[in-house]
*Asks:* 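The structure is given below, and queries will be raised subsequently.
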Amino acid sequence: MTEPILLTAENGKNKRLDSFLAEAVDGVSRAAAARLIADGRVLVDGRPAAKSCKLAGTEAIELTLPEPEPIDAVPQDIPLDIVFEDADVVVVNKPSGLVVHPAPGHPDGTLVNALLYHCGASLSGVGGALRPGIVHRIDRDTSGLIIAAKNDAAHRALAEQLKDHTLARTYECITVGAPREESGTVDAPIARDPRDRKRMAVVSGGREAVTHWEVVERYPGHAHLRCRLETGRTHQIRVHMAYIGHPILGDTVYGAKKPVPGLTGQCLHAVGLRFLHPRTGEPVELTCPLPYEFTQMLKKLQIL
């Protein structure tokens, strides 16, 4: 039986119960929170409550997630660039173009299919039938480090680190145009774009999103930046860079619509990952090199 998740509503004063759960529990959307509440899987001070219940900030909340579904994704022999692996976690340097998990339009050929082949039955089931082991995601056309859990205990520990920022992710990117400052922070909430539900946008009342950035190198009309995520919203760096007027090179969703010759996706790479090992508590710090397309683009910019 799934162990209950115990929460306090300290940061939820005056928030609806479903909104609070969506913010507090990784991988739980507001709609999913509403379903869990309706199914009686959420207790507030030991009693069921409505999804619209306004919290006072002092309540004790108990959430019981449903048992993980059987894993339906099929193993496929897809090569993996494994950076770190032990009995609890596996960290992969994902190439641009590889989808993380099966979804409509991508039923197979994903990172999950490759992990199932490589790890066999040793993947956590917390993510559900189509996302076994997946603790966090990287966009299809973004490359770099992604961590997967091999058991449920490791998955829950790593998900908790995502929430309290113990699990740190560092990215590098090339932007169109260069910020005037050498470093800065974008603190701007992100939600679905009300004008286009396929995109994300900076929206008042959206979920908190914080990105710290610094300039690595400046080029004519471009900049090489290093970004550190404080939160992990969908498309966060891409949205935030576009918001400050410097979209990521090759990003046809938030920047110029035409693809950039020599790039198969946006020039965004998850270069660093730091976390506490879920079993030992020891710090693990990993890095990976920039991909070929990224380094070739830097060489082109150097001769402009």
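All residue numbers in this chain count up from 1 along the given sequence.
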*Asks:* Within a 6.0 Å radius of atom CZ on R218, are there more than 12 heavy atoms belonging to other residues, nucleotides or ligands?
*Replies:* yes
*Asks:* Tell me whether K13 is salt-bridged to E59, with the criterion being a basic N under 4.0 Å from an acidic carboxylate O.
*Replies:*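 Salt bridge flag = no for E59 with K13.
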*Asks:* Do D86 and H277 have a side chain donor and acceptor closer than 3.5 Å?
*Replies:* yes
*Asks:* State, yes or no, whether a side-chain contact exists between W213 and P179 at a heavy-atom distance under 4.5 Å.
*Replies:* yes
*Asks:* Can the ring centroids of H240 and Y254 be said to lie less than 6.0 angstrom from one another?
*Replies:* no
*Asks:* Shortest non-hydrogen contact from K51 to A34?
*Replies:* CD-CB, 3.9 Å
*Asks:* Between D81 and K94 (salt bridge meaning N to carboxylate O under 4.0 Å), is one present in this structure?
*Replies:*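 Looking at K94 together with D81, the answer is no, because their closest N to O distance does not fall below 4.0 Å.
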*Asks:* When you check the gap from the basic side-chain N to the acidic O, do R233 and E208 get nearer than 4.0 Å?
*Replies:*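 Between E208 and R233 there is no salt bridge, as every charged N stays at least 4.0 Å from the carboxylate O atoms.
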*Asks:* Where is the tightest heavy-atom contact between T64 and L36, given as atom of each residue plus distance?
*Replies:*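 Between these two residues, the closest heavy atoms are O-CD2, 4.4 Å.
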*Asks:* Please determine whether residues V210 and Y243 belong to a single hydrophobic cluster, defined as Ile, Leu, Val, Met, Phe, Trp and Tyr linked transitively by side-chain heavy-atom distances below 4.5 Å.
*Replies:* no
*Asks:* Is there side-chain contact between R41 and E62, with heavy atoms separated by less than 4.5 Å?
*Replies:* no
*Asks:* Applying the side-chain contact (heavy atoms from CB on, under 4.5 Å) test to R169, which of I138, L145, L229 qualifies?
*Replies:* L229
*Asks:* With a 4.5 Å limit on heavy-atom distance, are the side chains of I174 and I248 in contact?
*Replies:*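 They are not in contact (no side-chain heavy atoms under 4.5 Å apart), so the answer is no.
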*Asks:* Pick from Q266, R137, H235, R238: which one makes a side chain to side chain donor-acceptor pair (under 3.5 Å) with T142?
*Replies:*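 Exactly one candidate clears the test, Q266.
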*Asks:* Within the 4.5 Å heavy-atom criterion, are L111 and L115 side-chain neighbours or not?
*Replies:*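 A side-chain contact under 4.5 Å exists here.
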*Asks:* Under 6.0 Å between ring centres: does that hold for Y171 and H269?
*Replies:* no
